[in-house]
2 protein chains.
Amino acid sequence: MLVQPKSLAAQVEHILRKRLREGVYPPGARMPSESELAAEFGVSRATVRTVLAKLAAHGLVLRRQGDGTYVNERLSQSSAHFGNLWDFNCLIESSGFAATIRLLKREIRAASEEEARALALRPGAGLLFLQRLFLADGKPVILADNVFPLTLFRVPPEAVDGTRPIRQLLREFAGREISFAITEIHAVPAPQEAAAFLRRELGAAMLRLKMSFYGKDSTPLVMGQSYFDDQVLHLSLVQAW
Amino acid sequence: MLVQPKSLAAQVEHILRKRLREGVYPPGARMPSESELAAEFGVSRATVRTVLAKLAAHGLVLRRQGDGTYVNERLSQSSAHFGNLWDFNCLIESSGFAATIRLLKREIRAASEEEARALALRPGAGLLFLQRLFLADGKPVILADNVFPLTLFRVPPEAVDGTRPIRQLLREFAGREISFAITEIHAVPAPQEAAAFLRRELGAAMLRLKMSFYGKDSTPLVMGQSYFDDQVLHLSLVQAW
DNA sequence: TAGTGGTCTAGACCACCCG
DNA sequence: GGGTGGTCTAGACCACTAG
């Protein structure tokens, strides 16, 4: 039934997510039982269970002992499904817009004291600075500044494609995978630059996201500071327990 | 080794979280292997694995194939561990403050059209409205409005203790468990009421959180709108993959 | 009472990292 | 090579919900 490019569980998850997305299992509907799914895919019930547990943790489905697994019908309201808050491209696209990234600035400069501390570098170490504008259906929605340690890259920093999402950029040019991220969310009056690029009045209330991304070994990979126009793009999170 | 008040996995999780909290496994340290933990607790490796997977998903530990499981040392920076964003009491306490709730207003009124839609009621249905102020070490940090359908409660609405966290309140007075929540995060200029209670200037940039809580059967339980003073309390989220 | 999800086990094999 | 986490299985029993 299934071939093996990735794990069985990953394949099952991919198929189920696709069915949920395409409405094969419509919102509110009851899904097949664990045994039925296991039989259909030719895997053990345990494998199906790990997948369903993950989908439930992300709020896509609701499970009731003695009853069944149901498709969460309230997810249409929400954009950021737990794992795409950090990836603005995903966030924009899952809100139903077409996402594009425009590179505004690319500099190589020395790390400030704060940056050095956060990235576990010595002050003055080389950084690649990227300023980028994220557009949703052509409308500017996020202004993002990112700094990367130069030592991270396997290619000259000029070769780094600034129009890629961060995850891809790290994978492709640094051979690194993001393992976790810490995001701090603040409300601030729009500074001049953000107001200009996002077409808001100076001082208007805006969201500012300060993110740090780390690798598997807990190495700091990237820092970022972003201004987010929540009038166009809504920041909404699903949490499940 | 373990008695059975809850599931084995829940007990193991409780013990490991406690050890992490108390520094038995200090930040950055390598934890015992799955087999060692399984032997210590007298459970199968599979049971240990489900627990470690959960801790990893919440960002508490990092796992590396062929190497080991390590305590995430960057979590001290973060307050909201993606499971307590919705519970302001937890959020305040895990930021290191003492949390108290002050009940400002308690009303019984009819549902507006928007409220009725969101709570799946007919317009004009009875609601319990609570306005509450959350204090961190005595300083006001969150102003929260909540509306509950009156039909939810098993006791007269006057008997509902307005100084409890929402989860407890629903459990105790309605016999309901929260299954998931959807939170929308905006930056807005502080309205008069919020500015007054949170001691900020009128129009200052503030976070507004609009939350909806749902039960296992996807029933809407509560709606809330909260103003959050992010100058005292930081809103920071950990995400892991 | 039948069927569902919830829990747990024992064991197997693999992929990976390190010394 | 030895130990680690990653994957998967087959089967058992329990707790719960519905009809």
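Atom set for the values below is all heavy atoms of this structure, side chains included, hydrogens, waters and symmetry mates excluded. Naming convention: chains lettered A, B, ... in sequence-line order (proteins, then strands); numbering from 1 in each chain.
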Of A/L52 and A/A46, the one whose nearest nucleotide on DNA chain C sits closer to the 5' end is A/L52
Between atom CZ in B/F41 and atom C1' in C/dT7, what is the gap in whole Å?
-> 18 Å
For B/K54 and C/dT7, give me the distance from atom NZ to atom C1', rounded to whole Å.
-> 14 Å
Which of these, B/I182, B/I178, B/L91, sits in a side chain to side chain contact (heavy atoms under 4.5 Å, CB included) with B/W86?
-> B/I178
Separation of atom NZ in B/K6 from atom C1' in C/dC8, rounded to whole Å = 17 Å
Contacts of B/V147 that satisfy side-chain contact (heavy atoms from CB on, under 4.5 Å) - sequence neighbours left out = B/R109, B/E115, B/L119, B/L127, B/F129, B/M223
Where the side chain of A/L8 is concerned, which of C/dT9, C/dG5, D/dT9 is the nearest nucleotide?
-> D/dT9
Within 45° of the axis and under 6.0 Å from the centre of the six-membered ring of B/Y70, does NZ or CZ of B/R64 qualify?
-> yes
Any side-chain heavy atom of B/L169 within less than 4.5 Å of one from B/V222?
-> no
CD of A/E34 versus C1' of D/dC16: gap in Å, rounded?
-> 13 Å
Separation of C/dC16 P from A/D217 CG (nearest whole Å) = 17 Å
In whole angstrom, what separates A/E177's CD from D/dG6's C1'?
-> 16 Å
Mind calculating the distance between CD (B/Q11) and P (C/dT7) to the nearest angstrom?
-> 12 Å
Return no unless some side-chain N or O of B/T47 is found under 4.0 Å from OP1 or OP2 of C/dC8.
-> no
Residues of residues 61-69 of chain A with any non-hydrogen atom less than 4.0 angstrom from an atom of DNA chain C: list those, numerically ordered, please.
-> A/R63, A/R64, A/Q65, A/G66, A/D67, A/G68, A/T69
From CZ of A/R49 across to P of D/dA12 the rounded distance in Å is 18 Å
Scanning all shown strands, the Watson-Crick or wobble mate of C/dG6 with both distances under 3.5 Å is D/dC13
Comparing B/K216 with B/S44, nearest DNA chain C nucleotide closer to 5' gives the residue B/K216
For residues B/Y214 and B/F180, establish whether the separation of their ring centroids is below 6.0 Å.
-> yes
How are the rings of B/F134 and B/F88 set to each other: parallel, tilted or perpendicular (split at 30° and 60°)?
-> perpendicular
Would A/R30 and A/T69 count as a side-chain hydrogen bond (donor to acceptor under 3.5 Å, both in side chains) if you check the C-alpha gap in whole Å, the side-chain angles of each, and the deciding distance to 0.1 Å?
-> CA-CA 6 Å; A/R30 179 182 175 149; A/T69 301; over 6 Å; no
Considering only C/dT7, D/dT7, D/dC8, which nucleotide approaches the side chain of B/R45 most closely?
-> D/dT7
